[in-house]
Amino acid sequence: MTIEEQIRNSVNEGLLALYEVKINDDVKLQATTPPHEGDLTIVVFAFTRFSKKSPEVTGTEIGEYLVKHSGIVSGFNVIKGFLNLSISSSVWMKTFLHTYDAIRVGRVPVWIADSPRTVMVEYSSPNTNKPLHLGHIRNILLGYAVSEILISAGHKVVKANLINDRGIHICKSMIAWKLFGNGETPQSSGMKGDHLVGKYYVKFDQQYKDEVGKLIAGGLDEKEAKNTAPIMLEAQSMLRKWEAGDAETIALWKMMNGWVYEGFDISYKRLGVDFDQYYYESETYLLGKNLVKEGLKADTLYQKEDGSVWADLGEEGFEDKVLLRSDGTSVYITQDLGTADLKFQQYDLDKSIYIVGNEQDHHFKVLKAILKKLGKTWYDRIFHLSYGMVNLPSGKMKSREGTVVDADELMDEMFTTAKETTTEAGKISEFSETEANELFTKLGMSALKYYILKVDPQKTMLFNPSESIDFNGNTGTFIQYTYARISSVLRKAGTTDALQLFRTVNVNSEKTIEEKEKALIKMLYDYKRATCDAATNLSPALIAAYAYDLAKSFNQFYHECPIADVADIPRSVFRLQLAESAAAQIKHALALLGIEVPERM
RNA sequence: GGUCCCAUAGCUCAACCGGACAGAGCAUCAGUUUUCUAAACUGAGGGUUCCAGGUUCGAGUCCUGGUGGGAUCACCA
């Protein structure tokens, strides 16, 4: 039973004994805020209606009861309606020893869900016509971290990537390459495949603008010019050929997509993320059509005279939505209906999470409404994890204005900055080149990942390229530094005869503990709450906040308390165990965010 | 225009289910190293939580109305 549960039970008993009431809702418990003395605080306003006494008197009565009967409360004070409880230090010691028992054998105690679920997390989901950018990075890091958090809570997670590998936008880069590429390949140009294809996507846009401009100058109105520009007509013709299975077009498509996948794989590997299941839209885009046909047969959808098929969403408060064009082809949402269904056919999913930007909020509401209409009982298990955009100081990233922050370039820059900063610090002179490069990668990626993941997913965030990303303060690097520091202490203690027994000796739970030691124990204890909150809210930001608080708490402890001191072996044993626990939890928390720790830096 | 989201220190972000004097980091200023890694630690200054009402013992948080910003409402994806 946790400390909180014990307190709650005792309070309930106390209310029964003192005022003869049984309350149904949970007792409000919170950590005592610093200026006040105590560990946990109960807000007693809610109980005054039972006691018929002032908040102060009520608090005092409950406090007295808890000291007498709970077995873990050593003292209390009441300020206004707040009952501040001090928990016996032996209770804190016992929680720590319990934690350390697990850590000693390589397990970090985290929150585990009562019943494990099967969850799909779809993330990344790129188009195959351009390289990944900063927006994708937020998506990918969120998807990976959310998956890892759910896995650590005991759930079975399928990491999925739905690749948008077909459609008019893919044909645009294909036609531009065909017209202007002169057979250029990643090998011949030395360009990463996704960047090469992206180059032709840009080329298409330039050429298209050019042609539209000339047509307008030649007397056409804008709409007409846009519809009749030769390169656009060629792209459309290419899409028709693709859909008809034209061998030459398919070959070109396969070749160029292959380049893109090679490029993406490199980026994914650098980001340290992986997938269990790939879906390709070229293979799933027709599935939705069948659902629509069934819906039409069942009369849950309707057809207009021109042949187009619609969903009536009046009841849901939305406009009607077209699902099949009058020419019988499917639209974007139709494909999504199909893949949503496929996911549930393939896996027995309790939850299907989509990591997709908040610009698609409306799309997902409509998607669920249509699935409901089609009689898919699982429609409610779909969850859109809607995250905010990443903006620049100048505003939105725009590919046409060239303000997009490229993922690979950004990672390069992070590496370089890590290298410069580390070289300046001058602590790694004995590192081999390979070791040094590994370290720069760990530090650079950590700075980037933490910077993005510490922000509440839901919120729009700002990225300032000129200020780049910090390595001091509330950063991934700071947390890694704390880990490396602990490693250093443990390493040295491990080679000292008198101290190395910290790994085998047991600490007496009746030992007195100092303020910073207790603060650290409380932080360590808090990890279960943090992992619980992160898993239930699907928020890596909560893990980031925890990791930072833990690191800060350790640094304060480190500053004030000698850890490895041969003059006081029993004390050092305890502190080394504390340090080892902090290191293990930091490592675990960062791993949930996809961040690796260095042993030295 | 309809719908949805957002607004907290100069800047970037916190604040669990409505709880105490709204917290960190960066930046600014002042300190700490013969001692376990100073990428650290300690301290100072910095706030009408966009505005106006309301609910409540208590509101940054909930409700109503404004202001400002963003997204979305295609036989685009």
Side-chain angles (χ1 to χ4, degrees), chain A residues 25-26 28 30-36 41 43 45-46 48 55 79-82 84 127 164 167-170 281 304 306-310 317-319 321-333 335-336 357-363 365-366 386 388-389 391 393 395-396 421-422 424-425 427 443 451 454-456 458-464 467 470-475 477-482 484-493 499 529-530 532-533 536-537 541-542 544-545 548-549 551-552 554-556 558-565 572 575-576 579 600-601:
Chain A
D25 12 320
D26 262 358
K28 279 188 189 176
Q30 54 189 316
T32 305
T33 48
H36 307 284
T41 295
V43 185
F45 290 106
T48 54
I79 298 169
K80 290 189 268 179
F82 298 91
N84 301 316
N127 293 340
N164 191 329
I168 187 70
H169 50 297
I170 308 300
E281 238 172 57
K304 288 190 180 172
D306 63 4
S308 57
V309 180
W310 296 72
F318 302 121
E319 301 282 310
K321 182 75 194 171
V322 68
L323 298 177
L324 292 181
R325 298 189 185 96
S326 47
D327 65 3
T329 58
S330 57
V331 296
Y332 177 60
I333 202 164
Q335 303 174 25
D336 257 12
N358 60 15
E359 59 204 347
Q360 294 201 40
D361 284 355
H362 183 255
H363 170 78
K365 284 179 190 162
V366 171
S386 163
M389 299 289 101
N391 287 337
K396 272 194 83 166
T421 311
T422 306
E424 240 169 73
K427 294 178 188 172
L443 298 180
Y451 180 87
K454 75 171 175 177
V455 181
D456 182 345
Q458 191 195 346
K459 291 198 175 166
T460 303
M461 62 174 289
L462 191 109
F463 175 79
N464 190 335
E467 289 174 11
D470 260 319
F471 284 69
N472 298 321
N474 186 359
T475 65
T477 325
F478 164 81
I479 302 167
Q480 287 175 312
Y481 172 73
T482 308
R485 238 183 178 183
I486 299 173
S487 291
S488 172
V489 175
L490 295 178
R491 213 164 33 236
K492 285 176 183 166
L499 291 174
R529 180 211 51 82
C532 175
D533 286 352
T536 40
N537 296 316
L542 300 175
Y548 175 64
D549 286 341
K552 212 163 49 162
F554 178 83
N555 279 324
Q556 288 165 359
Y558 177 92
H559 188 257
E560 224 166 89
C561 307
I563 296 168
D565 177 10
S572 295
R575 288 182 176 173
L576 283 163
R600 308 163 192 256
M601 64 186 270

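Labels below follow one simple rule: chain letters A, B, ... track the order of the sequence lines, proteins then strands, and each chain is numbered from 1. These figures come from a predicted structure and were not determined experimentally.
Annotation: B:C21 and B:A15 have their C1' atoms spaced 14 Å apart (nearest Å). Across B:A52 and B:G68, the matching C1' atoms stand 15 Å from one another, rounded to whole Å. Nucleotides B:A59 and B:U8 have their C1' atoms positioned 14 Å apart, rounded to a whole Å. Comparing the C1' positions of B:G23 and B:G46 gives an interatomic distance of 13 Å, to the nearest angstrom. Comparing the P positions of B:U64 and B:G18 gives an interatomic distance of 16 Å, to the nearest angstrom. Look at the C1' atom in both B:G43 and B:C5: the space between them is 40 Å, to the nearest Å. On the P atoms, B:C50 is 23 Å away from B:U56, given to the nearest whole Å. Comparing the same atom, C1', in B:G45 and in B:U33 gives a spacing of 26 Å after rounding to whole Å.
Residues meeting the ring-ring contact (aromatic ring centres under 6.0 Å, His included) test with A:H36, sequence neighbours left out: none. With sequence neighbours excluded, no residue forms a salt bridge (Lys or Arg N to Asp or Glu O under 4.0 Å) with A:D549. Here A:H169 pairs with nothing under the ring-ring contact (aromatic ring centres under 6.0 Å, His included) rule; sequence neighbours left out. Partners of A:Y548 under the ring-ring contact (aromatic ring centres under 6.0 Å, His included) rule, at least two apart in sequence or in another chain, are A:F478.
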What string of B, S and - do you get for nucleotides 39-47 of chain B, 5' to 3', if B is base contact, S is sugar-phosphate-only contact and - is no contact with any protein heavy atom under 4.0 Å?
-> BSSS-----
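Under 3.5 Å, the side chain of A:H36 and the base of B:A20 form at least one donor-acceptor pair of N or O atoms. With hydrogens and angles left out, the side chain of A:D470 and the base of B:A27 share no donor-acceptor pair within 3.5 Å.
Nucleic acid contact for A:C532: none, since no nucleic acid atom lies under 4.0 Å from a heavy atom of the residue. Base engagement by A:T41 is indicated by at least one non-hydrogen atom pair under 4.0 Å involving a base atom. Looking at heavy-atom distances under 4.0 Å, A:D456 makes contact with sugar-phosphate atoms alone, never a base. Looking at heavy-atom distances under 4.0 Å, A:R529 makes no contact with the nucleic acid at all. Residue-level contact check: A:A545 touches neither bases nor backbone, having no heavy atom under 4.0 Å from any strand. Within 4.0 Å of A:N164, counting heavy atoms only, lie sugar-phosphate atoms of the nucleic acid but no base atom.
At a cut-off of 3.5 Å, with distance as the only test, no side-chain donor of A:S487 or A:R491 sits close to an acceptor on the other residue. Under 3.5 Å, the side chains of A:S386 and A:D361 contain a donor-acceptor pair of N or O atoms. With no hydrogens or angles considered, no side-chain donor-acceptor pair links A:T460 and A:N391 at under 3.5 Å.
Ranking B:G19, B:U37, B:C73 by closeness to the A:V43 side chain, first place goes to B:G19. Ranking B:A77, B:C57, B:C6 by closeness to the A:F45 side chain, first place goes to B:C57. Listed candidates were B:A20, B:C36, B:C13. Nearest to the side chain of A:V489 is B:C36. Taking only side-chain atoms of A:K492, from C-beta outward, the nucleotide of B:U12, B:G25, B:C36 with the closest atom is B:C36.
Distance, A:I479 CD1 to B:U37 C1': 17 Å, rounded to whole Å. The interatomic distance linking A:Y451 (OH) with B:U12 (C1') rounds to 7 Å, in whole Å. Rounding to whole angstrom units, CD1 of residue A:I563 and P of B:U35 are separated by 16 Å. Nucleotide B:C13 holds its C1' atom 16 Å from the CZ atom of A:F463, rounded to whole Å. A:D533 places its CG atom 11 Å from the P atom of B:A15, with the value rounded to the nearest Å. For A:E467 and B:C11, the CD to C1' distance is 7 Å, given to the nearest whole Å. Distance CG (A:D336) to P (B:C76): 16 Å, rounded to an integer number of Å. In this structure, A:Q30 places its CD atom 12 Å from C1' of B:A15, rounding to the nearest Å.
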Residues A:D533, A:R529; criterion salt bridge (charged side-chain N to carboxylate O under 4.0 Å, His left out); working and verdict = CA-CA 6 Å; A:D533 286 352; A:R529 180 211 51 82; 2.7 Å; yes
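For the pair A:L576/A:L490, a side-chain contact is recorded, criterion being any heavy-atom separation below 4.5 Å from C-beta on. Using a 4.5 Å heavy-atom cutoff, the side chains of A:M601 and A:T422 are not in contact. Looking at heavy atoms from C-beta onward, A:F318 lies in side-chain contact with A:H362 at the 4.5 angstrom threshold.
Classification of B:C21 as anti follows from a glycosidic angle more than 90° from 0.
Distances shown here put every side-chain N or O of A:K28 at or beyond 4.0 Å from the OP1 or OP2 atom of B:G18. For A:R325, a side-chain nitrogen or oxygen approaches OP1 or OP2 of B:C76 to under 4.0 Å. Neither OP1 nor OP2 of B:C76 sits under 4.0 Å from any side-chain N or O of A:K321. Distances shown here put a side-chain N or O of A:Q458 below 4.0 Å from the OP1 or OP2 atom of B:C6.
Projected onto RNA chain B by closest heavy-atom contact, A:N537 and A:P562 fall at different nucleotides, the more 5' of which corresponds to A:N537. Comparing A:L462 and A:I486 along RNA chain B, the residue whose closest nucleotide (by nearest heavy atom) sits nearer the 5' end is A:L462.
A:A493 and A:L499 make their closest contact through O-CB, 3.7 Å (heavy atoms, listed as atom of the first residue, atom of the second, distance). The shortest non-hydrogen separation linking A:V489 to A:A564 is CG1-CB, 4.3 Å.
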With both pairing distances under 3.5 angstrom for Watson-Crick or G-U wobble, and | for a partner in another strand, the correct string for RNA chain B is (((((((..((((.....[...)))).(((((.......))))).....(((((..]....))))))))))))....
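Applying the 5.5 angstrom centroid cut-off and the 30 degree plane-angle cut-off, the aromatic ring of A:F82 is stacked upon the base of B:A20.
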